[in-house]
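The sequence lines fix the lettering, A, B, ..., with proteins before strands; numbering per chain opens at 1.
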2 protein chains.
Amino acid sequence: MPGKKVSEKTIRRLSHYARCLRKAGADGTGVVTSKYLSERCGISSAAVRKDLAAFGEFGKQGSGYEVSDLLENIDRILGTCEPPQVIVIGAGNIGSALLESGLEGTGGYSYSAIFDKNPEIIGRTIAGVTVQPVDKLGEVVGEQGNYIAILTVPPGEGQRAVNGLVSMGCRAILSFVLEPLDVPDGVVLRYVELSTELDLLSHSMRS
Amino acid sequence: MPGKKVSEKTIRRLSHYARCLRKAGADGTGVVTSKYLSERCGISSAAVRKDLAAFGEFGKQGSGYEVSDLLENIDRILGTCEPPQVIVIGAGNIGSALLESGLEGTGGYSYSAIFDKNPEIIGRTIAGVTVQPVDKLGEVVGEQGNYIAILTVPPGEGQRAVNGLVSMGCRAILSFVLEPLDVPDGVVLRYVELSTELDLLSHSMRS
DNA sequence: GCGTGTGAACCTCTTCACAGCG
DNA sequence: CGCTGTGAAGAGGTTCACACGC
């Protein structure tokens, strides 16, 4: 389904709806309204309806949205019906901690591999996953590129790691590295910038 | 300086400018233009000028912005001229990894304490910082509330931890916990949601 | 009556283009 | 002449309010 022109903000909210729906489903709730979702996600109910209506007519007027049905649709939109594999590049502090923390509570993701270039670390097992050398990347994930790489390499090694990933066909990267990285068109790159989050909090404290 | 009505987006970009300026300063660059910042931060030069002009006239027409001068001003806006302390609540995988990774490359932040409720963990030293019991929070940080708390407690314990922090005067929280949390007015709460980032990447891969 | 889906109004943020200063 | 600062135009997203279907 190409050519959808929905904003990142909408997708971000869909992710929240999905999380909320999984919880509702686990609690035995069968049907929810836009107001239900709006209160739990901190969004106006009109926004919830707009977001959902952008992809089809999922609701039943007068009652609301069937939880399992809506969740299935959102999963299809996000691609989490068959979630991509998640691999970690860099088995340092953060990389190891991510694997040990797991991905419970997410849309079905799980870590399938972790890589490092340090010979002392290669071969260790972290949360049941063996650390592999980075040049084994191709063998492990294949070339279909249907996976997400989380980047947790040391400062200064980000771009080199990205280049390696891209050359192996990777198309989605989440970087914890505090450096601006370049990727070619067709590869999506996002950042988790602790530094910026702290700046935002620091600023808001003096307002 | 109260009552400034600037958007979160602007503040987020200021954080990027600051990082870019620190690097420029370290490289010996004395003056930069809005185009310089725009290229390195992936923003239009007009946006850069608008962002900066919102707080005063920092630039010199015909030449640009003096690096040290501009950085000083941004630091003052963000509050990073005297950065608040950063404490970590929860000495599990992520909390420990954050301390061990440190805060190099940020606007001068550093971790000043880490807390946990598990007696087996209390007393250990992580990156030179001793894990304290959570009820020692008041003694350690005082009651002025001028610090940022990073929340890395296990799922299900988020709200309890937040309540404790708030009751001790904490006014800024960055949560790694995948739960919606409630805070009273006057307390700022932000999330790092790995799950949502993965959803965004997953979605963009199928477009 | 209740709640969705949706055009219209509203608001915010971005981009454009240029005046003005060094 | 170069680059900042800024009104004006444009784009995008949110809220409002109501028609329609259950």
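Shortest non-hydrogen contact noted between B:L98 and B:F176 is CD1-CE1, 4.1 Å.
Rounded to whole Å, atom P of D:dC22 lies 15 Å from atom CD of A:E66. Note: NZ (A:K60) to C1' (D:dC20) measures 16 Å, nearest angstrom. Straight-line distance from the OH atom of B:Y17 to the C1' atom of D:dT4: 14 Å, rounded to whole Å. Following rounding to the nearest Å, B:E57 (CD) and C:dC21 (C1') show an atom-to-atom distance of 10 Å. Atom CD of B:E8 is separated from atom P of D:dT14 by 13 Å (rounded to the nearest Å). When rounded to the nearest whole Å, the span between NZ of A:K5 and P of D:dA11 equals 13 Å.
Of the two residues near DNA chain D, B:Y65 and A:G62, the one whose nearest nucleotide lies more 5' is B:Y65. Comparing A:Q61 and A:K9 along DNA chain D, the residue whose closest nucleotide (by nearest heavy atom) sits nearer the 5' end is A:K9.
In this structure, B:R40 satisfies the cation-pi test against B:Y36, with its NZ or CZ atom closer than 6.0 Å to the six-membered ring centre and inside 45 degrees of the ring normal.
Checking B:R190 against B:S175 by side-chain atom types alone, no donor-acceptor pair falls below 3.5 Å.
When distances are taken from the side chain of A:R13 to each of C:dG22, D:dT14, C:dT14, the shortest belongs to D:dT14.
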Self-check item: Worked check of side-chain hydrogen bond (donor to acceptor under 3.5 Å, both in side chains) between B:S15 and A:T196
Solution: CA-CA 6 Å; B:S15 173; A:T196 297; 3.0 Å; yes
Quiz item: Does the pair B:V162 and B:V187 meet the rule for a side-chain contact (heavy atoms from CB on, under 4.5 Å), with working shown?
Solution: CA-CA 10 Å; B:V162 165; B:V187 179; over 6 Å; no
Quiz item: B:R160 and B:N163: side-chain hydrogen bond (donor to acceptor under 3.5 Å, both in side chains), yes or no, with the steps?
Solution: CA-CA 5 Å; B:R160 192 196 326 253; B:N163 295 346; over 6 Å; no
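Applying the 6.0 Å contact sphere to CD of B:E39 captures more than 12 heavy atoms from other residues, nucleotides or ligands.
No salt bridge links B:R76 with B:E82; every basic N to acidic carboxylate O contact stays at or beyond 4.0 Å.
Using a 4.0 Å heavy-atom cutoff across all strands shown, B:T10 reaches no nucleic acid atom at all.
A close approach under 4.0 Å does not occur between any side-chain nitrogen or oxygen of A:S34 and OP1 or OP2 of C:dG3.
In the region residues 42-53 of chain B, proximity to DNA chain D at under 4.0 angstrom, judged on heavy atoms, holds for B:R49, B:K50, B:A53. Within residues 19-27 of chain B, no residue has any heavy atom under 4.0 Å from DNA chain D.
A donor-acceptor contact shorter than 3.5 Å is absent between the side chain of B:D27 and the backbone of B:T29.
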